[in-house]
Amino acid sequence: MDLKPIDAFCTKCRTKFTYLMKPKKSFLGFQKLYCPTCKSKVLYPLTKGFRITYQIFFVWMLIAIAFTFSQGFIGLPSWIAVLVMIALFKDRSMRKRLAKINNKQCFNIGTNLNKEKNN
């Protein structure tokens, strides 16, 4: 699989940079990047694979709850389904925020993060 560079910006120092290393993932699958200027952690939205998987799970959860209601019982989502909903809503808000900031072009001159991690 070819690693695509991520054009990112730091929410703390507003520096735009290109992240070429493979990002680590948070618990819910968000990408963790590190700013080369101020060294702060920057969370980025879910990748397409995570987003599609979560959306499919969300639809199946809704179908299961509807089926439970049709049988005369009260259907409640599981804790995993609640985490999926939180991840999808957080991803949506991150993507909106990124689109807004990219449209405003309010960041410093960018840098390239070309060096490999020493681990």
Side-chain angles (χ1 to χ4, degrees):
M1 185 162 90
D2 192 23
L3 183 63
K4 296 178 184 175
I6 300 171
D7 290 326
F9 70 94
C10 179
T11 54
K12 186 175 180 183
C13 68
R14 297 279 189 209
T15 300
K16 186 174 182 178
F17 59 95
T18 302
Y19 201 81
L20 298 176
M21 295 182 292
K22 183 177 180 180
K24 292 184 179 181
K25 304 284 184 183
S26 69
F27 176 69
L28 292 174
F30 293 98
Q31 301 175 81
K32 285 196 266 185
L33 311 176
Y34 295 93
C35 176
T37 306
C38 68
K39 307 293 187 225
S40 66
K41 181 176 72 170
V42 180
L43 275 181
Y44 251 62
L46 298 170
T47 59
K48 188 176 182 179
F50 272 97
R51 190 175 311 111
I52 290 172
T53 303
Y54 285 169
Q55 289 170 345
I56 290 170
F57 187 83
F58 183 73
V59 168
W60 276 108
M61 180 208 44
L62 291 178
I63 291 170
I65 290 174
F67 179 74
T68 306
F69 277 136
S70 72
Q71 299 296 318
F73 299 103
I74 297 175
L76 296 174
S78 67
W79 62 274
I80 296 172
V82 172
L83 288 176
V84 166
M85 287 187 287
I86 290 170
L88 286 173
F89 288 122
K90 188 174 179 180
D91 178 64
R92 184 175 179 209
S93 67
M94 280 181 165
R95 292 169 62 84
K96 279 185 177 181
R97 185 190 65 188
L98 286 175
K100 182 187 284 188
I101 291 176
N102 282 335
N103 288 339
K104 287 183 179 179
Q105 300 291 321
C106 58
F107 32 74
N108 296 331
I109 297 172
T111 60
N112 284 333
L113 188 60
N114 292 322
K115 56 187 173 184
E116 289 292 324
K117 224 177 177 183
N118 294 331
N119 286 333

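Counting begins at 1 with the first residue of the sequence.
Here the closest heavy-atom approach between residue K32 and residue K41 is recorded as CD-CD, 3.6 Å.
M94 contributes atom CE, which lies 10.0 Å from atom OH of Y44 (distance to the nearest 0.5 angstrom). Here S26 contributes atom OG and Q31 contributes atom CD; the two are 9.5 Å apart, rounded to the nearest 0.5 Å. Taken to the nearest 0.5 Å, the CG atom of L83 stands 11.5 Å off from the NZ atom of K90.
The cluster map of Ile, Leu, Val, Met, Phe, Trp and Tyr, joined by side-chain heavy atoms under 4.5 Å apart, puts F69 and V59 in different clusters. Taking hydrophobic clusters as Ile, Leu, Val, Met, Phe, Trp and Tyr residues chained together by side-chain heavy-atom distances below 4.5 Å, M85 does not share a cluster with I63. Under the 4.5 Å side-chain heavy-atom criterion for ILVMFWY residues, no single connected hydrophobic cluster contains both F73 and F67.
Within the structure, side-chain hydrogen bond (donor to acceptor under 3.5 Å, both in side chains) contacts touching residues 58-82 (residues at least two apart or in different chains) do not occur. Sorted by first then second residue, the salt bridge (charged side-chain N to carboxylate O under 4.0 Å, His left out) pairs that include residues 60-73, not counting sequence neighbours, number zero. Applying the salt bridge (charged side-chain N to carboxylate O under 4.0 Å, His left out) test to every pair with at least one member in residues 55-66, sequence neighbours left out, gives no pairs at all. Residue pairs meeting the salt bridge (charged side-chain N to carboxylate O under 4.0 Å, His left out) criterion with at least one partner in residues 56-83, sequence neighbours excluded, are absent. Applying the salt bridge (charged side-chain N to carboxylate O under 4.0 Å, His left out) test to residues at least two apart or on different chains, none of the pairs has a partner in residues 59-81.
Counting heavy atoms of neighbouring residues, nucleotides and ligands inside a 6.0 Å radius, atom CZ of R97 exceeds 12 of them. For I74, the CD1 atom is loosely surrounded, since the number of other residues' heavy atoms within 6.0 Å does not exceed 12. K25 NZ: more than 12 foreign heavy atoms inside a 6.0 Å radius.
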Enumerate, atom names and distances included, each donor-acceptor pair closer than 3.5 Å involving a side-chain atom of residues 49-58, sequence neighbours excluded.
residue: R51; atom: NE; partner: D91; partner atom: OD2; Å: 2.9
residue: R51; atom: NH2; partner: L46; partner atom: O; Å: 2.6
residue: T53; atom: OG1; partner: G49; partner atom: O; Å: 2.8
residue: Y54; atom: OH; partner: L28; partner atom: O; Å: 2.6

Next on the checklist: Run the side chain to side chain contact (heavy atoms under 4.5 Å, CB included) test on I80 and M61 for me, step by step, so that the C-alpha distance in whole Å, both residues' side-chain angles and the decisive distance to 0.1 Å come before the verdict.
Outcome noted: CA-CA 10 Å; I80 296 172; M61 180 208 44; over 6 Å; no
